[in-house]
Amino acid sequence: MKNKEVASLLYEIADLLEIKEVEWKPRAYRKAAQNIEALSEDIKEIWKKGELDKVPGVGEGIAKKISEFLKTGKSSYLKKLKKNIPIDVEDLMNVPEMGPKTVKLLYKKLKVKNIKDLKRVAKKGKISKLYGMGEKTEKEILEGIKTVEVSKKRFLLGFMLPNIREIEEKLKKLKEVQLISVAGSVRRKKETIHDVDILIASNNPVKVTEYFINLGDVKKVLAKGPTKSSVKLKDNLQVDLRIVSKESYGSALQYLTGSKPHSIKLRKIAIKKGLKLSEYGIFKKKKKIAGRTEKEVYNKLGLPYIEPELREDRGEIEAGLKKKLPKLIGYGDIKGDLHVHSKWSDGNNTIEEMALAAKKLGHSYLCICDHFGNLRIANSLNERRLLKQIKEIDKVNKKLSGIRILKGVEANILPSGKIDVPGKLLKELDIITAGVHSGFKSGEASMTKRIVSVMDKINILNHPTGRLLQKRKGYELDLSKVFDSAKDHDVAIEINSFPNRLDLDDVNSRAAVDNGVKLVINTDSHSINQLVYMELGIGVARRGWCGKKNVINTLPLNKILKKF
DNA sequence: GCCGTTTTCGGCCCGACTGTTTTCAGTCG
């Protein structure tokens, strides 16, 4: 998929145009980039069909630039822009406080081209001497650079969620808090988050704000107003708090949940109807006609309620208008986890401990899939130990009630296009899962062939693209061929719920569903406290428009045993 | 640069907070 690359090209162009103070074009480029990012179809395929201009936001001008980029891997337009403005705009704009205007000013006056330059002039106190700048701004910029260096600006949702819930609980206990909700990308279950947005309804904002900015984890107060305040926590996560009245809670929640493109589209619908939508409500002239609940807001715009995970401007508004929104899988619909590890390989808990923890979460089955073979993973099972493990599972199953432990394995898909578990062993197992754990760089054609050729021997394909968030991109892979093959062989494709995997991702999950492929949401847990990551995988599935029927581990045990 | 049941030209979401500016621009979401 070239979509991400094309999108980032367009974003970069937009940033540069913004520096040049070209009007409107940056908006057009960003819009196009955002739409391309959201496409489930490969932009290259669309280009080959000559249908680039059918992508929303892409017209003649942008289509030309995309064509050139896909053909040559380069963009002469971008090159020209960069020649005029030899600045690392993306890097600089990542620094809080730094927008296009400031970037331009600092380049013109101080020749700042990148973060290194920025740090140097800020330390020397040169920025504060410029017209329109001051000492505070200079200090903020230095702080901002540190933030970028420390945190890279985004956090993995799964690792932050416990802290976020704790803050929510603390605030909930205040008697001045009438209603509270975590909004923003956390509510939309994005895989990584930039900050946390909390909305509160209260008629004593002063008291709530005081309490909020004095929470134990707060390192620094970034902003503090009567309705809006913002803090940085010790772990560098930024938390924004917005306080409104009960009457505006619904519209404020909608606004604060976003996404931005989704909200902008809603506001445009409002305008067309002669209304105005803001975080305070929907207004007809000066009169407020909605705002207490989100449902009310959506309904007044002629839409059904839209689930937060769908609000990415990926067609959900259009589907809503046509009353064709999907019924999403619910957070309580999962019946079991089909990919976890135990002490037998690289896990931290015994089979019994894992089973008891899963039962506590309400699961009725759990499949132990320890690593097999001798490829890179510590303590992998061999033939003898797997047979021994099977006997152990029989024993624990006899002992426990209310949960059934299934016998599985996580095999390696070898570069040769085979799995490394002997055929006679496979017959002893309930579920065969397999994934690629080595040789990631073989290239699209060979990786695709490698994976497709094991489909007739497995039930579940684990972490299909191998990506690790904030660490490595997935391997080159023709997913549409993998989907076709999975469908032919009744193989379920995994949404791996581990916080830094979430693989398949939301866009590809949607493509899988569109292609009639069955999915399975697993945690890949290596200890009992990781079983709760299921929520993240379900979030991805919901972001990918998946229903309950698309996910096999919403099925009862007997269906699973019959291989779905 | 894109787009169209008010437009093929003239629009393009709305508001809060901060710092430095004495009335507002820049940034953020």
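In what follows, every chain begins at residue 1, and chains take the letters A, B, ... in the order their sequences are listed. Predicted model only: the values in this text are computed from it and were never measured. Values reported hereafter were calculated over all heavy atoms of this structure, with side chains retained and with hydrogens, waters and symmetry mates removed.
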H262(A) NE2 to dC13(B) P, straight-line distance once rounded to whole Å: 16 Å
Separation between the C1' atoms of dA16(B) and dG10(B), rounded to whole Å: 29 Å
In whole Å, measure the gap between the P atoms of dC2(B) and dT6(B) for me. 23 Å
What orientation do Y298(A) and H262(A) show, parallel under 30°, tilted 30 to 60°, or perpendicular over 60°? tilted
Could you give the OH-to-P distance, from Y131(A) to dG26(B), as a whole number of Å? 11 Å
So how far is it from L156(A) CG to L502(A) CG, rounded to the nearest 0.5 Å? 8.0 Å
What's the gap between dC12(B) and dT7(B) when it is taken at their P atoms, as a whole Å value? 15 Å
Would you kindly give the CD1-to-P distance between I193(A) and dC28(B), to the nearest whole Å? 18 Å
When the C1' atoms of dG29(B) and dC13(B) are compared, how many Å lie between them, rounded to an integer? 12 Å
Under 4.0 Å, counting only non-hydrogen atoms across every strand here, what does E135(A) touch: a base, just sugar-phosphate, or nothing? sugar-phosphate
If the C1' atom of dT22(B) is compared with that of dT18(B), how far apart are they to the nearest Å? 16 Å
Donor-acceptor pair, side chain of N550(A) and main chain of C546(A), under 3.5 angstrom: no
For K31(A), report the nucleic acid contact type (base, sugar-phosphate, nothing); a contact means any heavy atom under 4.0 Å. nothing
Tell me whether K295(A) at atom NZ has more than 12 heavy atoms from other residues, nucleotides or ligands lying less than 6.0 Å away. no
Where each residue is assigned the nucleotide of DNA chain B containing its nearest heavy atom, which of G132(A) and T227(A) is assigned the position nearer the 5′ end? T227(A)
Show me the side-chain donor-acceptor pairs of residues 117-136 of chain A shorter than 3.5 Å, one per line, residues at least two apart or across chains.
{"unit_1": "D117(A)", "atom_1": "OD1", "unit_2": "R120(A)", "atom_2": "NH2", "d": "3.2"}
{"unit_1": "D117(A)", "atom_1": "OD2", "unit_2": "K113(A)", "atom_2": "N", "d": "2.9"}
{"unit_1": "K119(A)", "atom_1": "NZ", "unit_2": "E149(A)", "atom_2": "OE2", "d": "3.2"}
{"unit_1": "S128(A)", "atom_1": "OG", "unit_2": "G125(A)", "atom_2": "O", "d": "3.1"}
{"unit_1": "S128(A)", "atom_1": "OG", "unit_2": "E138(A)", "atom_2": "OE1", "d": "3.2"}
{"unit_1": "K129(A)", "atom_1": "NZ", "unit_2": "G125(A)", "atom_2": "O", "d": "3.3"}

Would you say that I198(A) contacts E168(A) through its side chain, given a criterion of any heavy-atom pair below 4.5 Å between the two side chains? no
Assign each of E138(A) and K276(A) to its nearest nucleotide of DNA chain B by heavy atoms, then name whichever residue's nucleotide is nearer the 5' end. K276(A)
May I ask you to verify if any side-chain N or O of S230(A) is less than 4.0 angstrom from the OP1 or OP2 atom of dC17(B)? no
Any sub-3.5 Å donor-acceptor pair from E316(A)'s side-chain atoms to D313(A)'s backbone N or O? yes
Identify whether any heavy atom of E97(A) sits under 4.0 Å from a base atom; if not, whether one sits that close to sugar-phosphate; answer base, sugar-phosphate or nothing. sugar-phosphate
Pairwise C1' distance for dT8(B) and dG1(B), with rounding to whole Å: 15 Å
Distance below 4.0 Å between S229(A) side-chain N/O and dC17(B) OP1 or OP2: no
When R188(A) is tested against each of E309(A), E307(A), E312(A) for salt bridge (charged side-chain N to carboxylate O under 4.0 Å, His left out), which residue passes? E312(A)
Tell me which residues in residues 99-116 of chain A put a heavy atom below 4.0 Å from DNA chain B, sorted by number, or none. G99(A), P100(A), K101(A), T102(A)
Rounded to the nearest Å, what distance is computed from the CG atom of residue D197(A) to the P atom of nucleotide dC28(B)? 14 Å
Does dT18(B) have a Watson-Crick or wobble mate here (both distances under 3.5 Å), and if so which one? dA25(B)
Scan K265(A) against the nucleic acid and name what it touches under 4.0 Å (heavy atoms): base, sugar-phosphate only, or nothing. nothing
Within less than 4.0 Å of OP1 or OP2 of dA16(B), is there a side-chain N or O belonging to Y280(A)? yes
With the sugar-phosphate defined as primed atoms, P, OP1 and OP2, and the base as all remaining atoms, what B/S/- string results for nucleotides 1-9 of chain B, 5' to 3', for protein heavy atoms under 4.0 Å? BSS------
Tell me if the NZ atom of K265(A) is crowded by more than 12 foreign heavy atoms within 6.0 Å. yes
Using atom P in both nucleotides, what's the gap between dT20(B) and dG26(B) to the nearest angstrom? 14 Å
By nearest atom, which of the nucleotides dC28(B), dG15(B), dG29(B) is closest to the P96(A) side chain? dC28(B)
Treating S185(A) as the side-chain partner and K190(A) as the backbone partner, does any N or O pair qualify as donor plus acceptor under 3.5 Å? no
When you measure from the side-chain N and O atoms of H194(A) to the phosphate of dC28(B), is any distance below 4.0 Å, counting only OP1 and OP2? no
Of all the nucleotides listed (dC12(B), dG29(B), dC17(B)), which has the minimum atom distance to the side chain of K228(A)? dC17(B)
Do Y255(A) and dG29(B) have a side chain to base donor-acceptor pair shorter than 3.5 Å? yes
Looking at every strand, decide which applies to P226(A) at a 4.0 Å heavy-atom threshold: base, sugar-phosphate, or nothing. sugar-phosphate
Given V95(A) and I115(A), is the side chain to side chain contact (heavy atoms under 4.5 Å, CB included) satisfied, shown in steps? CA-CA 8 Å; V95(A) 178; I115(A) 293 197; 3.9 Å; yes
Nearest-Å distance, CD1 (I141(A)) to P (dG26(B))? 14 Å
Measure the distance from CE on M133(A) to C1' on dT18(B) and round it to the nearest whole Å. 13 Å
Whole-Å distance between dC17(B) C1' and D240(A) CG? 11 Å
Whole Å only: how far is the NZ atom of K220(A) from the P atom of dC17(B)? 18 Å
N/O donor-acceptor pair under 3.5 Å between N515(A) side chain and A511(A) backbone: yes
